[in-house]
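By convention here, the first residue in the shown sequence is residue 1. Indexing begins at 1, ligand by ligand and atom by atom, following the structure's order. Being a predicted model, the structure only gives us computed values, none of them experimental.
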Amino acid sequence: MDKAQRNYLIVGGTSGIGLAAVRQLAGSANVTVWSRQASGDLPSGVNHDVWDATSGTQPPRVPDRLDGLAYCPGSIRLKPLSRLTDGDFRSDFEINCLGAVRAVRACLPALRRAPDPAVVLFSTVAVSQGIPLHASVAAAKGAVEGITRSLAAELAPRIRVNAIAPSLVTTPLSAALTGSEERREKAAKRHPMQRIAQSEEIGAAAADLLTGRWGWMTGQVIHLDGGLSSVRLLA
Ligand SMILES: NC(=O)c1ccc[n+]([C@@H]2O[C@H](COP(=O)([O-])OP(=O)(O)OC[C@H]3O[C@@H](n4cnc5c(N)ncnc54)[C@H](OP(=O)(O)O)[C@@H]3O)[C@@H](O)[C@H]2O)c1
């Protein structure tokens with residue numbers, strides 16, 4: 001299929017992992033990005049529409065046929081349970097889970113018109129690995145993992161649905177955790193791979209999932225986490 005025929009929508013494609021996925025895809029496909037603010041960082045030719053996934057407003061117009069959708073907005077809210085309010089839990093659920101549901105719902109008719117469509121959602125390593133202070137985001141992303149498997153079943157065999165569960169990635173979202181050399185080094189040492197990820201590594205995986213390179217995989221959560229969720233080094 002040539003570039004003129006393939007359409008991808010990246011919600012949250014102006015920053016971090018989403019922007020890295022957009023850069024991967026833009027050379028060979030038509031890419032649309034939705035986010036709250038336009039950005040000069042987008043490659044030329046990429047369309048941008050304004051949408052706040054938490055606002056409850058009608059999503060922008062979706063291309064008639066969509067070959068892939070990635071939903072990238074998310075949150076990192078680290079607090080002990082005693083300081084997490086009900087509002088914090090609701091707000092994390094809105095941006096991570098309900099926003100994704102709204103995006104997928106809006107795109108379903110257009111996805112159904114494509115020959116081999118795919119959806120990519122984002123979880124976090126803090127779902128499969130208990131990490132202190134992550135209760136609210138782990139709860140919201142746990143819901144994303146549940147929806148990933150449920151939708152994969154509901155939409156098989158027409159639409160593949162997978163999620164990526166990263167550990168720490170250098171992006172604006174994680175700036176409070178990765179902003180200084182000291183913090184980056186400390187975080188790196190917690191990972192079996194002894195480093196944190198670059199947004200390009202995770203964005204490339206999202207782009208691959210969208211383009212059908214992994215065409216037989218659905219309902220999976222891919223643990224791109226430097227080994228944190230599954231590997232323990234000997235002391
Ligand atoms: N970075 C990490 O260490 C890390 C770790 C684990 C999981 N993750 C997950 O990976 C995904 C991508 O994270 P990232 O670090 O690349 O994030 P990021 O750099 O903060 O980028 C988020 C993108 O989403 C958009 N966005 C934010 N709120 C939105 C809203 N309400 N409506 C529409 N668009 C919105 C942002 O643009 P606007 O601000 O203009 O709307 C931006 O384009 C997230 O789901 C995150 O939870 C990240």
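- Protein heavy atom at the shortest distance from atom 44 (C) of ligand 1 is C72 O, 2.9 Å.
- Residues passing the side-chain hydrogen bond (donor to acceptor under 3.5 Å, both in side chains) test with T57, sequence neighbours excluded: S55.
- Contact annotation for S167 and ligand 1: only backbone heavy atoms (N, CA, C, O) come within less than 4.0 Å of the ligand.
- Annotation: side-chain hydrogen bond (donor to acceptor under 3.5 Å, both in side chains) contacts involving residues 14-23, sequence neighbours excluded, are absent.
- Nearest non-hydrogen protein atom to atom 16 (O) of ligand 1 is I17 N, 2.8 Å.
- Of the heavy atoms in T171, only side-chain atoms (C-beta onward) come closer than 4.0 Å to ligand 1.
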| Under the salt bridge (Lys or Arg N to Asp or Glu O under 4.0 Å) criterion, do R160 and D116 qualify, and how do the steps go? | CA-CA 8 Å; R160 288 175 285 113; D116 182 26; 3.4 Å; yes
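- Nearest to atom 9 (C) of ligand 1 by heavy atom, out of S123, G74, A21, G18, is S123.
- With atom 48 (C) of ligand 1 as the reference point, the heavy atom nearest to it among L173, T170, V11 is part of L173.
- At the shortest separation from atom 3 (O) of ligand 1 among protein heavy atoms lies V169 N, 2.8 Å.
- The nearest protein atom to atom 35 (C) of ligand 1, hydrogens excluded, is given as P73 CG, 3.6 Å; this is a heavy-atom distance.
- Nearest protein heavy-atom neighbour of atom 19 (O) of ligand 1: S15 OG, 2.7 Å.
- Annotation: atom 6 (C) of ligand 1 to nearest protein heavy atom, P166 O, 3.4 Å.
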